[in-house]
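Step one of this worksheet: look at the structure below.
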Amino acid sequence: MKRALFTLAIAAMPVACFSGGVTGTATVNGKYTLQTVNGAALPYAVPGSATKLEVVDDVVNLYEGFTYAVSGQTRSMVNGQMTVQAVTENGTFSLQGNAIYFRNVINSVPLLAGTIEANKMTVLRGELVYVYNKN
């Protein structure tokens with residue numbers, strides 16, 4: 001009898017532990033494309049930058065094994081010359097309920113934090129709020 005109760009309790013744990021939010025990598029893995037920054041459409045002009053800096057696009061891929069890769073582009077105007085810069089980053093992510101935390105491979109300190117619900121991911125990058133939709 002004790003063995004049967006123990007087995008039932010262990011079998012019920014995954015449901016109990018994950019019923020309140022994101023239920024694992026199967027629900028979050030995939031490609032997320034940037035839609036808005038601070039509620040504005042792309043390209044987004046970053047206020048207060050020394051040069052005219054714009055976020056052109058950004059894609060976050062979440063993979064099995066809790067790894068991620070970011071690829072995107074920014075452009076800036078310096079002395080009348082437009083420069084396009086590729087932005088790449090990769091590392092690991094962790095989930096806690098519907099919160100998501102990113103750590104890049106260069107620095108293990110959490111650099112980015114946000115939330116992920118259904119097909120929408122919101123990430124804070126300094127004072128900027130990036131909103132992504134899952135493709």
Side-chain angles (χ1 to χ4, degrees):
M1 180 68 173
K2 288 182 185 179
R3 177 178 270 172
L5 288 175
F6 179 74
T7 303
L8 181 60
I10 295 298
M13 282 180 67
V15 174
C17 291
F18 296 117
S19 62
V22 176
T23 59
T25 60
T27 60
V28 299
N29 289 347
K31 178 180 175 181
Y32 293 80
T33 303
L34 183 62
Q35 302 300 305
T36 63
V37 178
N38 284 359
L42 301 177
Y44 175 77
V46 178
S49 56
T51 61
K52 182 184 175 188
L53 178 65
E54 295 179 326
V55 176
V56 177
D57 60 35
D58 199 52
V59 173
V60 177
N61 286 291
L62 301 180
Y63 302 110
E64 289 184 30
F66 297 98
T67 61
Y68 76 93
V70 175
S71 62
Q73 293 182 352
T74 61
R75 74 182 160 214
S76 59
M77 181 72 74
V78 179
N79 298 325
Q81 180 80 15
M82 182 67 72
T83 303
V84 176
Q85 175 82 29
V87 177
T88 60
E89 177 183 316
N90 56 59
T92 62
F93 70 93
S94 60
L95 299 169
Q96 186 174 12
N98 69 339
I100 186 165
Y101 302 95
F102 296 92
R103 298 176 194 269
N104 72 26
V105 294
I106 298 170
N107 187 343
S108 64
V109 175
L111 297 178
L112 303 174
T115 59
I116 190 163
E117 295 184 48
N119 292 326
K120 179 180 175 184
M121 179 170 60
T122 303
V123 178
L124 302 174
R125 291 182 176 262
E127 295 181 15
L128 303 177
V129 179
Y130 284 53
V131 177
Y132 298 82
N133 283 341
K134 188 174 184 180
N135 301 33

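All values below come from the heavy atoms of this structure, side chains included, with hydrogens, waters and symmetry mates left out.
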Test item: [X] and [Y] side chains (from C-beta on) under 4.5 Å apart, heavy atoms:
X: L128; Y: N38; value: yes
X: T88; Y: N90; value: no
X: D58; Y: R125; value: yes

Grab the two heavy atoms, one from [X] and one from [Y], that are nearest each other, plus how far apart they are.
X: F102; Y: M121; answer: CZ-SD, 3.9 Å
X: P43; Y: R75; answer: CG-NH2, 3.2 Å
X: Y132; Y: L34; answer: CD2-N, 3.3 Å
X: Q35; Y: L42; answer: O-CG, 3.9 Å
X: Y68; Y: T92; answer: CE2-O, 3.2 Å

How far does CE of M77 sit from CD of E54, to the nearest 0.5 angstrom?
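These two atoms lie 8.0 Å from each other.
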How many angstroms lie between atom OH of Y44 and atom OH of Y130, to the nearest 0.5 angstrom?
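OH of Y130 is found 8.5 Å from OH of Y44.
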Taking atom types as modelled and ignoring hydrogens, do the side chains of N104 and E89 form a donor-acceptor contact shorter than 3.5 angstrom?
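Result is no, nothing qualifies.
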Matching residue for F93 among V60, L112, V28, I116 - test: side chain to side chain contact (heavy atoms under 4.5 Å, CB included):
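Of the listed residues V60, L112, V28, I116, the side chain to side chain contact (heavy atoms under 4.5 Å, CB included) partner of F93 is V28.
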Quickly, which of T83, V78, V46 forms a side chain to side chain contact (heavy atoms under 4.5 Å, CB included) with T51? Name it, please.
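That would be V78.
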May I ask whether V131 and V70 are part of the same hydrophobic cluster, defined by side-chain heavy atoms of I, L, V, M, F, W, Y residues being less than 4.5 angstrom apart, directly or through others?
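No, no single cluster joins them.
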Co-membership, hydrophobic cluster, residues V56 and V123, 4.5 Å side-chain
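As far as the 4.5 Å side-chain criterion goes, V123 and V56 are not connected within one cluster.
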Look only at the side chain of D57 and the backbone of Q73, and say whether a donor-acceptor pair between them is shorter than 3.5 Å.
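Here the side-chain-to-backbone pair exists.
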